[in-house]
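All chains are named by letter (A, B, ...) in the order of the sequence lines, taking the proteins before the strands, and each is independently numbered beginning at 1.
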Protein chains: 4
Amino acid sequence: MNDSGQSAGSSARSKRKDARRNQQALLDAAAEVFVSSGVDAPVRDIAARAGVGVGTIYRHFPTRADLVIAVYRHQVDACAEAGPALLASSPTPHAALVRWVDLFVDFLVTKHGLATAMQGDSTCFGPLHTYFLEQLLPVCTQLLEAAAASGEIRSDLDAYPFMRGIGNLCVGADSDPHYDARRLVALLVAGLRQPQ
Amino acid sequence: MNDSGQSAGSSARSKRKDARRNQQALLDAAAEVFVSSGVDAPVRDIAARAGVGVGTIYRHFPTRADLVIAVYRHQVDACAEAGPALLASSPTPHAALVRWVDLFVDFLVTKHGLATAMQGDSTCFGPLHTYFLEQLLPVCTQLLEAAAASGEIRSDLDAYPFMRGIGNLCVGADSDPHYDARRLVALLVAGLRQPQ
Amino acid sequence: MNDSGQSAGSSARSKRKDARRNQQALLDAAAEVFVSSGVDAPVRDIAARAGVGVGTIYRHFPTRADLVIAVYRHQVDACAEAGPALLASSPTPHAALVRWVDLFVDFLVTKHGLATAMQGDSTCFGPLHTYFLEQLLPVCTQLLEAAAASGEIRSDLDAYPFMRGIGNLCVGADSDPHYDARRLVALLVAGLRQPQ
Amino acid sequence: MNDSGQSAGSSARSKRKDARRNQQALLDAAAEVFVSSGVDAPVRDIAARAGVGVGTIYRHFPTRADLVIAVYRHQVDACAEAGPALLASSPTPHAALVRWVDLFVDFLVTKHGLATAMQGDSTCFGPLHTYFLEQLLPVCTQLLEAAAASGEIRSDLDAYPFMRGIGNLCVGADSDPHYDARRLVALLVAGLRQPQ
DNA sequence: GATGAATGAGGGTTCATTCAT
DNA sequence: GATGAATGAACCCTCATTCAT
């Protein structure tokens, strides 16, 4: 349309460029809307903010969860990568665990509604749930096992319930000033300590 | 109207009996539906299950929160009353606290979606939230203070965030067999222990 | 119930007394509610104000129109009776007509929503409409004919459209301070004057 | 998007054409339903008649008043434009006023329920009311002032109550064959004549 | 007779998702 | 590919009217 008289190839490329640009706009818009209205924000709001039609969202992200994943992929991945790094650089495995949990909680708390979306009962966030677990479960497991091996914490808690618990504790943390999720998560971690 | 005469009294009572029977049916139906579909279940579903019209629900329970309160009032009240009793009968305040938390968790976990409803962000459950807090906050506070006074736990956690945390940990506990809310709550309580 | 040990007759009479008392309370309550909320006020509001059940209203006044009629019967009748009296006491038939119209307008305007109820399209006010016409049409006709006979006004307007017109002009007169129904009715009557 | 190119332009236009076609269907359907059931007809009825979903109506006309305005905009505008034209082409301002009032009455009477909607008390028709007044008040004012300036009518009646009066006189005119709104409006206008 | 609980039709509104253009 | 119009199921809530007690 824009480049009249060009070859089909160029047309196709320009289309792709358009598509990619759109996808990026979508991610940016979604990130903003998620922050202001939570991850359950109406699809239309996101489309409007991105300046595209709702259909475009569905093309790029068939499921709402797909969109959420895409939006937070970088941060999830960073969180995943931080695990081994912290383990290597911290004085003890337990210290690494504490720091990593901090990262994870920051991530959940600062994203309005993400913690809720991570809850297991929501069927429409299945892929989101899955992705998070796939990325973070091994890391968390590694940290827990290391800390258990060093005798700092008990060894009878799996990473899955642990992460679920942290996720749950972060629910609603952004909307209630009287509720300090980090505090409670710290208590939970403290509860893991080996009863000397 | 309120005369002690038998006929009129019985007539009035019988009328009330009808209404009460209906109300009871409503409570039963709501309890069932809440379990199967959560406390956000459509009004009509509850009405249908109870075999009454929707208007009947609105008559008895103008607000959804009113209905939820009514459904769980006994249990909430029992939970509230258990606090002092446990304090009196347990070897230590900490033991009482642990047992009481158990009761509370049982209550939250066995009622599908109740924990979610207890979260602070839902505006339409204001009355419910309020009622729960009014009943249970003082009790929880008393238990925490007693345990703190006896030196068993730290004294810097208020009852409100504590209860919110417990409530959050119970979210989704009924739908995921891999998630053991009681375990995590136990860890949270363990985290309260005075770092000897 | 109250007079234990009385004869059936006395009981029956007391019932009637009760019924009459109820009916009066109903009329009073309805009058008040009509003023504050219009003649379309919910049935329950009236029952509540009267301190009776809704069923009682339906027993006494099967139709809302029946209730409205009953409430305003005195005033309608007074309006009807005023016609001949004014005709007899006024200097000219036209003067009598003007005064009578004043009465009628006062009646309609001071009763919130009555003018609306008098409109022909509302099917549920049929009996009301009918009663009003039955009582007032002959009177109005007489006044119009007298004024026409004396040459003061044209003779080609029937009482029915005339009254409908007046009724309509009074619609909404009580809720809009910028709208002066009496003014417009006066113009309408002025428009009747024989084009000398 | 707005480029003058043929293909894209036609594509954009064709999309709009579809929507416009639908919008037109909606306007037609609404017009019909308004005639048969009044402007208070259920949204669903209009949607059904137009063969569209209810959502489509809400998309095009967020408020019922918006729909009513759209349906009658042409006629209101025509009425507004007719004022100056009549003033220019009529022998006297009074004659122009009479003709214009005829147009206005025709408009109100032939649209079932429109007159009622024009009444001031209905809160949900605010925009409608506003639009009508904005369009027609200046015109009516001009006509009244011209006729007053020429000494044909009294000068102490504002356009607003005048129009309200006409509107009111037209209420129910379509459903009652015995009620001739035009007749009464003519009398009202006649009542304005300067008492020579 | 009186009561008021129950009914359920009726109307409004939102929003995820599809699909013609 | 992008668009956004259309769909319509799903909810909510009100209130006139009936009828068992």
Exercise. Of all the choices, dT13(E), dA5(E), dG11(E), which nucleotide is nearest to the side chain of Val54(D) once you look at every atom?
Worked result: dT13(E)
For this session: Check the distance between dA5(F)'s P and Phe61(D)'s CZ and give it to me in whole angstrom.
Result: 13 Å
For this session: Identify, between Arg44(A) and Arg44(D), the residue whose nearest nucleotide on DNA chain F lies closer to the 5' end.
Result: Arg44(A)
Seminar exercise, completed: Heavy atoms of Asn22(A) and His60(A) approach each other most closely as CB-NE2, 4.3 Å
For this session: Counting Watson-Crick and G-U wobble pairs only, both distances under 3.5 Å, name the nucleotide matched with dC15(E), or none.
Result: dG8(F)
Exercise. At under 4.0 Å, does any side-chain N or O of Asn22(A) touch on OP1 or OP2 of dA2(F)?
Worked result: yes
Exercise. How many angstroms lie between CZ in Arg64(C) and CD1 in Ile57(C), if you round to the nearest 0.5 Å?
Worked result: 9.0 Å
For this session: Ignoring backbone atoms, establish whether Thr56(D) has a side-chain N or O less than 4.0 Å from OP1 or OP2 of dA5(F).
Result: no
Exercise. Across all strands, who's sitting opposite dT3(E) as a Watson-Crick or G-U wobble pair, both distances under 3.5 Å?
Worked result: dA20(F)
Problem set entry | Protein-nucleotide distance (Leu67(D), atom CG; dG12(E), atom P), rounded to Å | 12 Å
Exercise. Does the Ser36(B) side chain pair with the main chain of Val33(B), one donor and one acceptor, at a distance under 3.5 Å?
Worked result: yes
Exercise. Atom NE2 of His60(A) to atom P of dT18(E): distance rounded to whole Å?
Worked result: 17 Å
Exercise. Asp45(D) or Gly51(C): which one's nearest nucleotide on DNA chain E is closer to the 5' end?
Worked result: Gly51(C)
Exercise. Between atom CZ in Arg21(C) and atom P in dG1(E), what is the gap in whole Å?
Worked result: 16 Å
Problem set entry | Atom-to-atom span, CG of Leu26(C) to P of dA2(E) - whole angstrom | 10 Å
For this session: Determine the minimum heavy-atom distance between Ala25(C) and Ala50(C), stating which atoms define it.
Result: O-CB, 3.8 Å
Problem set entry | Value in whole Å for how far the C1' atom of dA6(F) lies from OH of Tyr58(D) | 15 Å
Problem set entry | Gap between atoms CG and P, on Asp40(A) and dT14(E) respectively (whole Å) | 18 Å
For this session: Could you tell me whether Val52(A) contacts a base, only the sugar-phosphate backbone, or nothing, with contacts defined as non-hydrogen atoms closer than 4.0 Å?
Result: sugar-phosphate
For this session: Please report the closest heavy-atom contact between Leu26(A) and Ile46(A), naming both atoms and the distance.
Result: O-CG2, 4.5 Å
Exercise. Can you check the Arg59(C) CZ to dA20(F) P distance for me, whole Å?
Worked result: 14 Å
Exercise. Base, sugar-phosphate, or nothing for Val43(B), non-hydrogen atoms under 4.0 angstrom?
Worked result: sugar-phosphate
